[in-house]
Amino acid sequence: MNKYRDFDNYLKEYPSHDGYFGQYGGNYLEDPELIKAFNEYAEGYNTIAQSAQFIAELRRIRRDFQGRPTPVYHCQNLSNLLGRTQIYLKREDLNHTGAHKLNHCMGEGLLAKYMGKKKLIAETGAGQHGVALATAAAYFGLECDIYMGEVDIAKQAPNVTRMKLLGANVIPVSFGLKTLKEAVDAAFMAYSREYKDAIYCIGTAAGPHPFPLMVRDFQFCIGEEARAQFLEQTGHLPDQVAACVGGGSNSIGMFTPFLADPVELIGVEPLGRGPKLGDHAASISYGKEGIMHGFKSIMLADENGDPAPVYSNASGLDYPAVGPEHALLHEMDRVKYTTVDDEDAIEALFLLSRHEGIIPAIESSHALAYAIRVARTGVTGSILVNLSGRGDKDLDFVVEQYGYGPEFLQKLAEKRGVSSRQ
């Protein structure tokens with residue numbers, strides 16, 4: 001029996017009509033105003049998503065404004081350097097604004113216009129979602145409020161500048177750890193006050209129904225394009241497809257078109273400084289079932305069951321839960337989840353920069369680091385990595401923390417006892 005046939009009808013079965021992916025997902029909001037807002041949101045999306053006019057307009061935007069499809073690129077230099085594994089990249093860094101985030105932001109902006117809203121509200125961590133939403137707001141003539149933790153504002157100064165240039169109102173979040181989780185909290189509170197004139201545009205495949213469904217639908221184009229492009233280039237499918245996983249938007253878009261194929265799917269979570277609680281943001285690898293931000297999934301929790309502090313050098317991955325569809329795919333054993341720490345991610349960033357002329361985002365570098373790890377084992381085969389974003393936003397932070405590459409790579413090589421070129 002072909003186990004992959006179990007996924008032939010997967011997209012029709014999940015989520016359920018009330019937003020569940022198996023036992024995960026749903027809507028656990030308690031604020032009556034937010035419940036009302038999300039019910040309106042779900043009804044609006046479920047109606048408009050089937051509209052030929054809406055779909056045609058979204059396709060036109062992707063082609064003429066975003067520059068889709070983005071290409072699949074063979075990293076020949078890096079592959080030859082590392083061994084016999086052939087590494088390919090889905091170049092979402094070439095999507096307009098420099099990351100995959102615009103795929104769902106333009107969809108959410110178009111939905112806002114169809115629903116007669118005047119403002120887009122969102123949180124951002126690495127700033128790419130904020131830049132993408134500010135771009136969508138400018139395109140559709142909407143107001144835009146972006147909530148961002150003060151820690152991330154300091155780390156991601158270039159993206160803060162971009163958001164402001166695009167006309168967005170960047171609102172610092174100064175409570176708690178002042179990072180992504182707190183930014184989501186603040187954005188939720190704002191939305192509960194303004195939902196009659198605004199919509200909330202989450203930055204990942206998490207949150208209450210219909211967000212996980214909606215983000216998956218808007219990000220599906222990544223894997224759909226990549227699958228066709230890889231087949232055209234090589235005549236076969238990749239052996240593995242890898243993507244980084246924080247909340248899970250880029251990875252769910254990359255994985256779902258491959259679910260029924262005999263391809264190994266690898267989700268790469270951030271191990272940060274190590275496995276101690278508070279030193280990483282690897283929800284599936286170290287978390288447990290829980291509820292936060294209005295949805296049920298796997299989350300990192302403290303001894304009281306509350307969301308635990310998390311850390312990653314990638315601001316877009318430091319979230320204490322994972323999207324509910326990832327929790328289901330883990331439970332079904334269809335996607336394998338592994339971890340990459342800060343050092344390996346930065347090494348991957350430097351290697352791709354120096355051997356292929358591509359500077360990746362730190363988030364994307366986690367998935368690339370997994371491919372590099374596999375290549376170093378000497379196995380043959382191919383790995384298709386979703387390069388979910390470019391590294392412009394990270395340059396100041398990387399140089400300040402790790403230098404320009406040679407010294408860091410040399411120290412890491414000495415630590416491992418291998419050549420610094422590998």
Side-chain angles (χ1 to χ4, degrees), residues 62 66-73 75 87-106 124-133 135 156 159 180 202-206 215-216 218-227 229-230 238 240-258 265-270 281 312-319 322-323 326 335 337-338 340 345-346 348-349 352-353 356 358-372 383-394 398:
R62 285 176 175 168
Q66 293 183 227
R68 302 202 69 88
T70 58
V72 162
Y73 170 73
C75 295
I87 299 174
Y88 293 78
L89 306 176
K90 175 59 173 167
R91 296 291 307 278
E92 286 301 289
D93 60 312
L94 297 179
N95 191 33
H96 180 45
T97 73
H100 71 289
K101 297 291 188 180
L102 196 63
N103 298 332
H104 65 255
C105 286
M106 294 305 290
T124 194
Q128 285 300 143
H129 176 58
V131 169
L133 199 69
T135 300
Q156 305 293 345
N159 272 347
L180 184 56
I202 199 164
T204 190
V215 172
R216 180 186 75 184
F218 289 143
Q219 294 293 348
F220 189 85
C221 59
I222 301 174
E224 186 176 39
E225 291 173 7
R227 187 181 185 280
Q229 290 165 326
F230 198 93
Q240 296 185 34
V241 172
C244 64
V245 179
S249 57
N250 90 89
S251 44
I252 209 65
M254 187 67 164
F255 293 158
T256 45
F258 288 96
L265 304 177
I266 309 296
V268 185
E269 296 191 296
S312 170
N313 60 359
S315 296
L317 300 181
D318 60 356
Y319 187 63
V322 69
H326 282 287
V335 178
Y337 293 85
T338 187
V340 160
I346 296 300
L349 183 151
L352 189 68
S353 299
E356 296 291 348
I358 300 169
I359 304 174
I362 300 177
E363 290 80 6
S364 315
S365 299
H366 283 71
L368 179 63
Y370 166 79
I372 291 171
I383 302 180
L384 174 59
V385 175
N386 190 23
L387 197 74
S388 55
R390 67 179 182 229
D392 305 34
K393 66 185 180 60
D394 297 316
V398 168

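Side chains included, hydrogens not; waters and symmetry mates left out as well; all remaining heavy atoms used.
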Provide the closest heavy-atom pair for [X] versus [Y] in the form atom of the first, atom of the second, distance.
X      : Y      : answer
Asp318 : Ala281 : CA-CB, 3.9 Å
Met254 : Val241 : CG-CG1, 3.6 Å
Val268 : Ala367 : CG2-CA, 4.0 Å
Ala242 : Ile383 : CB-CG2, 4.4 Å
Arg227 : Pro257 : CD-O, 3.7 Å
Gly130 : Thr124 : N-OG1, 3.1 Å

Scan Gln229, Glu356, Lys90 and name whichever one has a side-chain hydrogen bond (donor to acceptor under 3.5 Å, both in side chains) with Tyr73.
-> Glu356
Side chains of Asn386 and Glu92: is there a donor and an acceptor less than 3.5 Å apart?
-> no
Indicate whether the side chain of His96 and that of Thr135 have a donor and an acceptor atom separated by less than 3.5 Å.
-> no
Leu352 and Leu89: side-chain contact (heavy atoms from CB on, under 4.5 Å), yes or no, with the steps?
-> CA-CA 11 Å; Leu352 189 68; Leu89 306 176; 4.0 Å; yes
Value rounded to 0.5 Å, distance of [atom1] in [X] from [atom2] in [Y]:
X      : Y      : atom1 : atom2 : result
Asn95  : Asn103 : CG    : CG    : 5.0 Å
Gln66  : Thr97  : CD    : OG1   : 8.0 Å
Leu180 : Ser312 : CG    : OG    : 11.0 Å
Arg68  : Leu94  : CZ    : CG    : 10.0 Å

Keeping [X] on the side-chain end and [Y] on the backbone end, is there a donor-acceptor pair under 3.5 Å?
X      : Y      : answer
Glu225 : Thr70  : yes
Gln128 : Asn159 : no
Asn250 : Cys244 : yes
Thr204 : Ala206 : no

For residues Phe255 and Arg216, determine if any side-chain heavy atom of one lies less than 4.5 Å from a side-chain heavy atom of the other.
-> no
Would you say Pro360 and Ser388 make side-chain contact, with heavy atoms under 4.5 Å?
-> no
Apply side-chain contact (heavy atoms from CB on, under 4.5 Å) to His326 and Val335, showing your working.
-> CA-CA 8 Å; His326 282 287; Val335 178; 5.5 Å; no
Verdict with supporting geometry, Ile362 and Leu349, side-chain contact (heavy atoms from CB on, under 4.5 Å) = CA-CA 7 Å; Ile362 300 177; Leu349 183 151; 4.0 Å; yes
Contacts of Ala361 that satisfy side-chain contact (heavy atoms from CB on, under 4.5 Å) - sequence neighbours left out = Glu363, Ser364, Lys393, Asp394
State which residues pass side-chain hydrogen bond (donor to acceptor under 3.5 Å, both in side chains) with Tyr370; sequence neighbours excluded, sorted by chain then number.
-> Gln240
Apply side-chain hydrogen bond (donor to acceptor under 3.5 Å, both in side chains) to His100 and list each qualifying residue two or more places apart in sequence or on a separate chain.
-> Ser249
Between Lys101 and Val131, is a side-chain contact (heavy atoms from CB on, under 4.5 Å) present by the stated rule, with each step listed?
-> CA-CA 9 Å; Lys101 297 291 188 180; Val131 169; over 6 Å; no
Relative to each other, are the rings of His104 and His129 parallel, tilted or perpendicular (30° and 60° limits)?
-> tilted
